[in-house]
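Taking it in order: structure first as structure tokens, then the write-up.
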There are 2 protein chains.
Amino acid sequence: MATLIDVAERAGVSVTTVSRMLNNRVPISPATRESIIKAMEDLDYQPNELARSLFKKNSLMIGLIIASANNYFFCKIIDSVEHYVTKHGYKLLLCLSNNKKQNEIAYFNMLKANQVAGVILASNTQNLERYLSFNAPLVTFDRMLSPHIPSVSSDNYNGGVLAAKHLLEKGCKRPAYVMDTRRMGMHANYRYDGFADTFKKSGIDLVVHAAPLDSFITMSYEDTIREFFQTHPEIDCVFTSNDIIAAQILRYCARQGISVPGQLKVIGYDDIDMASFTSPSLTTIRQPVDDLCRYAVESLINFKERNIASMTLFPVSLIEREST
Amino acid sequence: MATLIDVAERAGVSVTTVSRMLNNRVPISPATRESIIKAMEDLDYQPNELARSLFKKNSLMIGLIIASANNYFFCKIIDSVEHYVTKHGYKLLLCLSNNKKQNEIAYFNMLKANQVAGVILASNTQNLERYLSFNAPLVTFDRMLSPHIPSVSSDNYNGGVLAAKHLLEKGCKRPAYVMDTRRMGMHANYRYDGFADTFKKSGIDLVVHAAPLDSFITMSYEDTIREFFQTHPEIDCVFTSNDIIAAQILRYCARQGISVPGQLKVIGYDDIDMASFTSPSLTTIRQPVDDLCRYAVESLINFKERNIASMTLFPVSLIEREST
DNA sequence: ATCGGCATGACAAGGGGTTGACATCGATAC
DNA sequence: GTATCGATGTCAACCCCTTGTCATGCCGAT
């Protein structure tokens, strides 16, 4: 690969001049500028980002640690984060942890070793914070690691409330909540709280059914759903902690001849694309994923002081489709 | 961040010794080794990968250029590629091009500037090769860029053959192929060829319907499907160029009261997870995506000579489910 | 006492680029 | 004619780590 020296020689100027031009540090005469540009093109020159970052003590890379790319909701996050990272001239280092603590720690150390400009942590097992030393800005997505680390998430509690109100309006009396295993620090836990609180205000208790840990990584909820229907044939509506569970419930119903929304109303969470592909299409709580991702990325990039620790919630909305 | 110098000072040895230990260049006495390890732990030291890579003239990064992470098939690729990249001690730089040539070129240059160890190109518009200068190993995924660049893909022609044979066995007489827009160099074009050739041998012609360019990025095929059914009400089976189209056809049929597989048999391509979520579940041609990705990653890592240009095809299989 | 081998140290150069200090030189202004 | 300014050059230090060369000191073998 051509280096700065090659470019300078070919353009007949000094290395300093080329470097200064590339970094906009000083006015350059049109003639010089042009000959440098010509030389760069001739040589197909790309400044070595490694050398640059080494000197500047930061690379224009942002790390995203997330459990898997096999889950449709996570894909949306990856897609959106990549978009904003690139838009701001950064690059995305993607780290898929499978939700395992040792992987998360290893990735985190790797990202530090690569001097990343920031890390978005959208995967974690509990008690991770003591392993992380914070020299790069860090923001967590959908979870709270510690009060000192900013987190972004949708307004999960309200999501639960909206779902419950909607089902109450539709006349449901025997609700259920089917969810991924509750894990400490997850904002998603508030979905349940909002949902349960709202039903309780109407004097209605609900059934809760949880999938095994980490089902969401591979999106395999079939056993959970079968089990759920076998143990709770009486329920008349179900709210799920994500659209994937809901979609699989719809499929289960189709096979078992349970009519939706006639016999059972189903409402999901997230509003992934798949929610509108199912049949019947899925009523769901929409998270503004794109906004969340943008905020996460931009808060890393604009990070100044470590003291702006906080929690940022984005509003959710109910999208009514055919399943309720 | 702590540097090598800090570690050496704290361990009471020379920088040279620490570096040599880290790089396994020389035997180190147990006592020294231990005090260095202790110092590294105390200081939470991570060797600066940038400096390391700069000296070694390569970084342990691999770039994946792909159109989007919003498409379920691409997600599988991303997931799998990340897995193998990490397994071999490399890191993944994810680049989402939206299938736009200028983005691809920009990403490619960025990857070169970051001295990546290799690039997997799974996105491209036509005639890209003249923009790429090859100092890093490159492998294309599902497309052929030029005879000099190795490509990996599934055996698409055979996939088409399998689909056609299966439908013929089921007694279909009026087949259709619904696909993404044909683009030059895509291996997926052979799906059509295999499918059409096989039906032609039985004296049967087929209807072809194509979605607008780039529909696959957002997976929006609704208009295409409506149009297709309006113009071709007579068909009795349909093969699609991917499972997402097929899933949306199933949904269309559910809404329109077209019974599957009774009135219409549907067969997809890829075997993404969603294929088993639909109702009825989807018969499809399975690609061994994980094998493809592993091969792509490992062929980059083991790359030695530029002269092993070739095309590598992986076998496909028909997964029969409920839709046929 | 001598020699060889082992573990380590000291030193310098190098990877590619950035930056500050200071010098140079031609052109413009007065 | 001199002061000024703008564009560029020269030089050295620096970012952090790696590596080759040569030196040193210690230990065990002879």
Side-chain angles (χ1 to χ4, degrees), chain A residues 1-40 43-61 109-117 135-136, chain B residues 1-40 43-61 109-117 135-136:
Chain A
M1 294 254 304
T3 73
L4 250 200
I5 299 177
D6 302 327
V7 173
E9 271 173 12
R10 184 170 247 266
V13 299
S14 74
V15 171
T16 310
T17 303
V18 181
S19 174
R20 291 207 261 238
M21 181 180 122
L22 285 173
N23 293 282
N24 280 318
R25 306 199 65 73
V26 104
I28 302 284
S29 74
T32 307
R33 163 161 268 122
E34 207 157 308
S35 73
I36 292 176
I37 289 174
K38 174 91 168 43
M40 295 200 302
L43 297 169
D44 194 25
Y45 172 73
Q46 302 287 333
N48 185 326
E49 278 299 324
L50 262 31
R52 232 176 178 167
S53 297
L54 176 59
F55 185 87
K56 299 239 176 110
K57 292 192 151 201
N58 76 61
S59 72
L60 294 175
M61 294 195 284
N109 287 334
M110 177 277 277
L111 292 172
K112 283 202 306 185
N114 282 277
Q115 322 292 117
V116 294
N135 45 0
Chain B
M1 293 254 304
T3 74
L4 250 200
I5 300 177
D6 302 326
V7 174
E9 270 173 12
R10 184 169 247 266
V13 298
S14 74
V15 171
T16 311
T17 303
V18 181
S19 174
R20 290 206 262 237
M21 180 179 121
L22 285 173
N23 293 283
N24 279 318
R25 305 199 66 72
V26 104
I28 301 284
S29 75
T32 308
R33 163 161 269 121
E34 206 159 308
S35 72
I36 292 177
I37 289 175
K38 173 93 168 41
M40 294 200 302
L43 297 170
D44 194 26
Y45 173 73
Q46 301 289 333
N48 185 325
E49 277 299 323
L50 263 31
R52 228 173 184 171
S53 297
L54 176 59
F55 186 87
K56 299 238 175 108
K57 291 191 152 204
N58 75 60
S59 73
L60 294 175
M61 293 195 285
N109 287 333
M110 176 277 277
L111 292 171
K112 283 202 307 186
N114 283 276
Q115 321 292 116
V116 294
N135 44 0

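Chain letters run A, B, ... following the sequence lines, proteins first and then strands; every chain starts at 1.
- Considering only residues two or more places apart in sequence or on other chains, B:Ser14 meets the side-chain contact (heavy atoms from CB on, under 4.5 Å) condition with B:Thr16, B:Thr17.
- Counting any heavy atom pair closer than 4.0 Å across all strands shown, B:Leu50 reaches no nucleic acid atom.
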Original post:
How would nucleotides 11-18 of chain D be written as a contact map, 5' to 3', with B for base contact, S for sugar-phosphate-only contact and - for no contact, using protein heavy atoms under 4.0 Å?
Top reply: B--BBBSB
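- In this structure, the side chain of B:Ser19 does not engage the main chain of B:Leu4 through any donor-acceptor pair within 3.5 Å.
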Show which side-chain atoms of residues 51-58 of chain B pair as donor or acceptor with protein atoms under 3.5 Å away, not counting sequence neighbours.
from	atom 1	to	atom 2	distance (Å)
B:Arg52	NH2	B:Asn23	OD1	3.4
B:Ser53	OG	B:Glu49	O	2.9
B:Ser53	OG	B:Asn58	O	3.4

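- Taking atom CG on B:Asn24 and atom P on C:dA7, their separation rounds to 13 Å, with Å as the unit.
- Residue B:Ile37 qualifies as enclosed at atom CD1: its count of foreign heavy atoms under 6.0 Å is above 12.
- The closest side-chain heavy-atom distance from B:Val13 to B:Val18 is below 4.5 Å.
- Judged as a side-chain contact (heavy atoms from CB on, under 4.5 Å), and not counting sequence neighbours, the contacts of A:Ser35 are A:Ala11.
- If you check every strand for non-hydrogen atoms under 4.0 Å, B:Ser29 touches sugar and phosphate atoms only.
- The separation between A:Met21 atom CE and C:dT18 atom C1' is 15 Å, rounded to whole Å.
- Partners of B:Arg10 under the side chain to side chain donor-acceptor pair (under 3.5 Å) rule, at least two apart in sequence or in another chain, are B:Asp42.
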List every contact pair, protein side and nucleotides 26-28 of chain C side both N or O, where the distance is under 3.5 Å.
none

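- For the side-chain contact (heavy atoms from CB on, under 4.5 Å) test with B:Tyr45, the passing option among B:Asp6, B:Val7, B:Ile36 is B:Val7; the others fail.
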